[in-house]
**Q** 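Here you go, one structure.
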Amino acid sequence: MAPKRRTRGAANTKKESEALEACPEGDAAREEPRKRKRAVPTEKPQDQNLKSVRSSGTTYSHWLMKSEPESRIENGVDVKFGIEDLKALPNQTSCWDGVRNYQARNFMRDMKVGQQAFFYHSNCKEPGIAGIIKIVKEAYVDHTQFDKKDVHYDPSSKPDNPKWSMVDVKFERMTKRFIPLAELKKYHLQHKSKGGPLSNMALFTRARLSVQPLTTGRTTKPKYHAVLTSVPVSVFMIYEELEKRMLVLGSSGSSSLLRNHWY
DNA sequence: GCCAACGTTGGC
DNA sequence: GCCAACGTTGGC
């Protein structure tokens with residue numbers, strides 16, 4: 001199975017007060033009508049908390065999160081959840097439940113409100129980056145781990161000591177162009193030998209990780225490294241550059257800071 | 001649908 | 001704590 005997101009009702013056995021803590025996505029459309037207050041995640045100012053600091057000292061601020069955009073039945077439940085599904089939800093917001101890998105979970109626990117992530121489509125005909133989402137609620141208990149009927153039920157996890165966490169994400173925008181895995185891989189291979197931002201992209205170095213950080217990469221080119229360390233180049237700038245290049249494929253256009261270092 | 005890569009489990 | 005068996009991910 002893949003990444004991990006999956007849409008289904010939350011908290012329908014919970015009291016109202018607890019429901020407020022649960023997944024914000026609507027389940028009314030999918031299940032029998034039932035009134036419950038929608039949890040509306042509060043958003044902090046954009047420029048606050050844009051960095052997260054891990055105990056190791058490594059800081060990540062941008063992420064990639066995988067989900068499956070095509071229907072697949074797992075234990076009788078369709079796990080389909082593409083970016084269009086997120087976009088179609090009320091408030092374009094959903095919890096990111098079902099992550100059952102410790103490293104992926106820990107990355108989610110590092111996430112801060114306002115940070116961005118790529119929405120990656122996996123296990124499908126055309127895998128790749130489809131859009132950009134934003135963290136709107138920091139890690140809290142993933143209630144699906146206690147739900148026997150849930151695909152991601154974890155009988156080993158106890159309510160007094162929950163194992164799994166989730167965050168809430170909100171649709172921000174589609175990428176200007178779908179960025180296929182094949183393209184990412186092409187750059188990854190180039191950057192791995194010649195240096196560049198995708199040289200150690202987790203998508204390839206940790207292929208099975210469904211929630212992963214983005215970095216500016218490491219390079220064998222000192223010059224490039226100097227550029228990256230002396231100028232506040234955000235990770236997303238690098239990927240926006242990638243988006244641009246997808247749009248002007250073949251053109252020599254782009255006069256970006258990164259142009260001399262990309263290929 | 002195949003299967004390589006890799007994470008998890010559990011016997012010892 | 002080793003490691004073989006097993007399960008999952010996800011590209012192809």
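Just so it is clear, the structure is predicted and the values come from calculations on it, not from any experiment. Numbers restart at 1 for each chain; the letters A, B, ... are given by sequence-line order, proteins then strands.
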**Q** Is the side chain of N75(A) donor-acceptor paired with the backbone N or O of V77(A) at a distance under 3.5 Å, no angle test?
**A** no
**Q** Provide, to the nearest angstrom, the distance between the CZ atom belonging to F81(A) and the P atom belonging to dG10(C).
**A**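 Taking atom P of dG10(C) as the reference, CZ of F81(A) is at 16 Å.
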**Q** Give the nucleotide from the list dT8(B), dG7(B), dG11(C) with an atom nearest to the side chain of R206(A).
**A** dG7(B)
**Q** How would you list, by chain and number, every residue that makes a side chain to side chain donor-acceptor pair (under 3.5 Å) with S71(A), sequence neighbours excluded?
**A** D78(A)
**Q** For nucleotides 2-5 of chain B, list the nitrogen or oxygen atoms of the protein found under 3.5 Å from its nitrogen or oxygen atoms, one pair per line.
**A**
unit_1: dA5(B); atom_1: N3; unit_2: R208(A); atom_2: NH1; d: 3.3

**Q** Name all residues meeting the side chain to side chain donor-acceptor pair (under 3.5 Å) criterion together with K87(A); count only those two or more places apart in sequence or in a different chain, and write none if there are none.
**A** none
**Q** Which residues, ordered by chain and number, are linked to W164(A) in its hydrophobic cluster, where ILVMFWY side chains connect at heavy-atom gaps below 4.5 Å, directly or through other members?
**A** Y102(A)
**Q** What residues, two or more places apart in sequence or in another chain, satisfy side chain to side chain donor-acceptor pair (under 3.5 Å) together with E70(A)?
**A** none
**Q** Please state how far atom CG in L203(A) lies from atom C1' in dG10(C), giving the value in whole angstrom units.
**A** 10 Å
**Q** The side chain of K66(A) is closest to which nucleotide in this list: dC12(C), dG7(B), dG10(C)?
**A**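 Selected nucleotide: dG10(C).
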**Q** If the cut-off is 4.0 Å, is K185(A) near the phosphate of dC12(C), judged by side-chain N/O to OP1 or OP2?
**A** yes
**Q** In this structure, how many angstroms lie between the P atom of dG10(C) and the CD atom of E70(A), rounded?
**A** 14 Å
**Q** What's the closest nucleotide to the L181(A) side chain, out of dT8(B), dG10(C), dC12(C)?
**A** dC12(C)
**Q** Check ring pair (Phe, Tyr, Trp, His ring centres under 6.0 Å) between Y153(A) and all other residues, then give those that pass, not counting sequence neighbours.
**A**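 Y153(A): no ring pair (Phe, Tyr, Trp, His ring centres under 6.0 Å) contacts found.
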**Q** Just N and O in the side chain of R100(A): are any of them under 4.0 Å from OP1 or OP2 of dT8(B)?
**A**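 No, no such contact exists.
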